[in-house]
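Everything below concerns the one structure shown next.
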Amino acid sequence: MQLATWNINSLSVRLPHLLDWLAARAVDVVALQELKLTDDKFPVQALERAGYTAAWFGQKTYNGVALLVRVPGALSAVQRNIPGFPDDQARVMAATVQPAPNAAALRVIGAYVPNGQAPGSDKFAYKMRWLEALRGWVAQELARHPRLVLMGDFNITVDDDDVWDPEGLRDTIHCTREERAHLQALKDLGLYDALRLFPQPPKSFTWWDYRQLAFAKNRGMRIDHIFISDELKNRAIACCIDREMRKRTQPSDHAPVVLTLADE
DNA sequence: ATGGCCATCGCGGATGGA
């Protein structure tokens, strides 16, 4: 089975891309970020026709996340936002995913971590608080659910290998020690960076700026991640970045990351 | 080079993204 995360930068604009991608890849579980629409605008019928059941958590203009599962799977125990962390932004949701009637259930958390704008800014402080709260919640979730996936747009590079110009971008947003320490702290809970479990081409990125032909020059960063618990690590057989959708006209600035798990 | 692109809101140009 395949699980994926994709920041689609507006579900309204990118719905055709998403439907094409779902038809081509038939991924079983998808976490989407940056829907940029309110709950009433979520294209539930189009996704049902494409063969997916969804749960969503929208917001006007900004943010918004969703989880999709390919039928006959099911989503249950949906949680929106981090319990005990009041937040007026729709950035994270969890669900228990039954990928097939007789398959083992997975706990899936889809996250859109705040951008942070610049170190020292109010938005950076919010990013740090938000990640602190996320870690506390993920620790609880992991204790309850040994088969756990935490995936999404983290807006953080793990290390310099995730940055096209690590010297030029030293200590800038997405690349600071404080941000990277948060990713390490999440991993220290017992999570593994799924992409790094497998050999990857050098300069494997998930986001490229729209400007300056950044994608054509592969001037990007890896800021979208899939973290998996030890039980799922034992079933992981492949993980890759799907650059094809970034090559289309009017693309999202992010590419999907896809994890393949062995069936039990 | 104090930028370059894109989406949103809303109909000009500011804001946020990364």
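Note on naming: letters A, B, ... go to the chains in the order of the sequence lines (proteins, then strands), and numbering restarts at 1 for each one.
A:Thr260 is not listed as a side-chain neighbour of A:Met1, based on a closest heavy-atom distance of 4.5 Å or more.
Under the 3.5 Å distance criterion, with hydrogens and angles disregarded, no donor-acceptor pair is assigned to the side chains of A:Lys36 and A:Asn63. Under 3.5 Å, the side chains of A:Asn7 and A:Glu34 contain a donor-acceptor pair of N or O atoms.
A:Asp224 comes within 4.0 angstrom of no nucleic acid atom, judged by non-hydrogen atoms across all strands.
Taking A:Asp159 as the reference, A:Arg196 meet the salt bridge (Lys or Arg N to Asp or Glu O under 4.0 Å) condition, with sequence neighbours excluded. Taking A:Ala55 as the reference, A:Leu75, A:Val78, A:Arg80, A:Met93 meet the side chain to side chain contact (heavy atoms under 4.5 Å, CB included) condition, with sequence neighbours excluded. A:Phe42 is linked by a ring pair (Phe, Tyr, Trp, His ring centres under 6.0 Å) to A:Trp56, counting only residues two or more places apart in sequence or in another chain. Every residue was checked against the side chain to side chain contact (heavy atoms under 4.5 Å, CB included) condition with A:Ala181, not counting sequence neighbours, and none meets it. With sequence neighbours left out, A:Lys247 forms a salt bridge (Lys or Arg N to Asp or Glu O under 4.0 Å) with A:Glu244.
Environment of CG in A:Asn234: crowded, with over 12 heavy atoms of neighbouring residues, nucleotides or ligands closer than 6.0 Å.
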Show me the side-chain donor-acceptor pairs of residues 183-195 of chain A shorter than 3.5 Å, one per line, residues at least two apart or across chains.
{"unit_1": "A:Gln184", "atom_1": "NE2", "unit_2": "A:Asp188", "atom_2": "OD1", "d": "2.9"}
{"unit_1": "A:Asp193", "atom_1": "OD1", "unit_2": "A:Arg222", "atom_2": "NH1", "d": "3.1"}
{"unit_1": "A:Asp193", "atom_1": "OD2", "unit_2": "A:Arg222", "atom_2": "NH1", "d": "3.4"}
{"unit_1": "A:Asp193", "atom_1": "OD2", "unit_2": "A:Arg222", "atom_2": "NH2", "d": "2.7"}

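Between A:Gln250 and B:dC5 there is no side-chain N or O to OP1 or OP2 distance below 4.0 Å. Of the side-chain N and O atoms in A:His254, none sit less than 4.0 angstrom from OP1 or OP2 of B:dG17.
Of the options A:Thr157, A:Asp209, A:Thr206, a side chain to side chain contact (heavy atoms under 4.5 Å, CB included) to A:Met221 is made by A:Thr157 and by none of the others.
Note that CD1 of A:Ile241 is 14.0 Å distant from CH2 of A:Trp207, once rounded to the nearest 0.5 Å.
Donor-acceptor pairing under 3.5 Å, judged by distance alone, is present between the side chain of A:Asn115 and the base of B:dA18.
Residues of residues 203-212 of chain A that place a heavy atom closer than 4.0 Å to DNA chain B, in numerical order, are A:Trp207, A:Tyr210, A:Arg211, A:Gln212. Within residues 172-180 of chain A, the residues approached by DNA chain B to less than 4.0 Å at the level of any non-hydrogen atom are A:His174, in residue-number order. Listed in residue order, the members of residues 6-22 of chain A having a heavy atom less than 4.0 Å from DNA chain B are A:Asn7, A:Asn9, A:Ser10, A:Val13, A:Arg14.
Between A:Gln89 and A:Pro251, it is A:Pro251 whose nearest contact on DNA chain B lies nearer the 5' terminus.
Counting only residues at least two apart or in different chains, ring pair (Phe, Tyr, Trp, His ring centres under 6.0 Å) contacts with residues 140-161 of chain A comprise A:Phe154-A:His225, A:Phe154-A:Phe227.
A stem is defined here as three or more consecutive Watson-Crick or G-U pairs, each with both distances under 3.5 Å; for DNA chain B these stems are B:5-9 with B:13-17.
If you take CD of A:Gln59 and P of B:dG17, they are 10 Å apart, rounded to a whole angstrom. Across the protein-nucleic acid pair, A:Lys217 atom NZ and B:dC5 atom P stand 12 Å apart, rounded to whole Å.
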**Request:** Start with the C-alpha gap between A:Arg235 and A:Asp263, add the side-chain angles, then the distance that decides, and say whether salt bridge (charged side-chain N to carboxylate O under 4.0 Å, His left out) holds.
**Result:** CA-CA 8 Å; A:Arg235 287 173 53 196; A:Asp263 294 323; 5.2 Å; no
Under-3.5 Å N/O pairs linking protein and nucleotides 12-16 of chain B:
{"unit_1": "B:dG16", "atom_1": "O5'", "unit_2": "A:Lys123", "atom_2": "NZ", "d": "3.4"}

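Atom name P, nucleotides B:dT2 and B:dA7: the rounded distance is 26 Å, in whole Å. B:dA1 and B:dA14 are spaced 25 Å apart, taking the P atom of each and rounding to whole Å.
In summary, A:Arg170 and A:Asp160 engage in a salt bridge, as defined by a charged side-chain N under 4.0 Å from a carboxylate O.
Taking the six-membered ring for Trp and the full ring otherwise, the centers of A:Trp208 and A:Trp164 sit at least 6.0 Å from each other.
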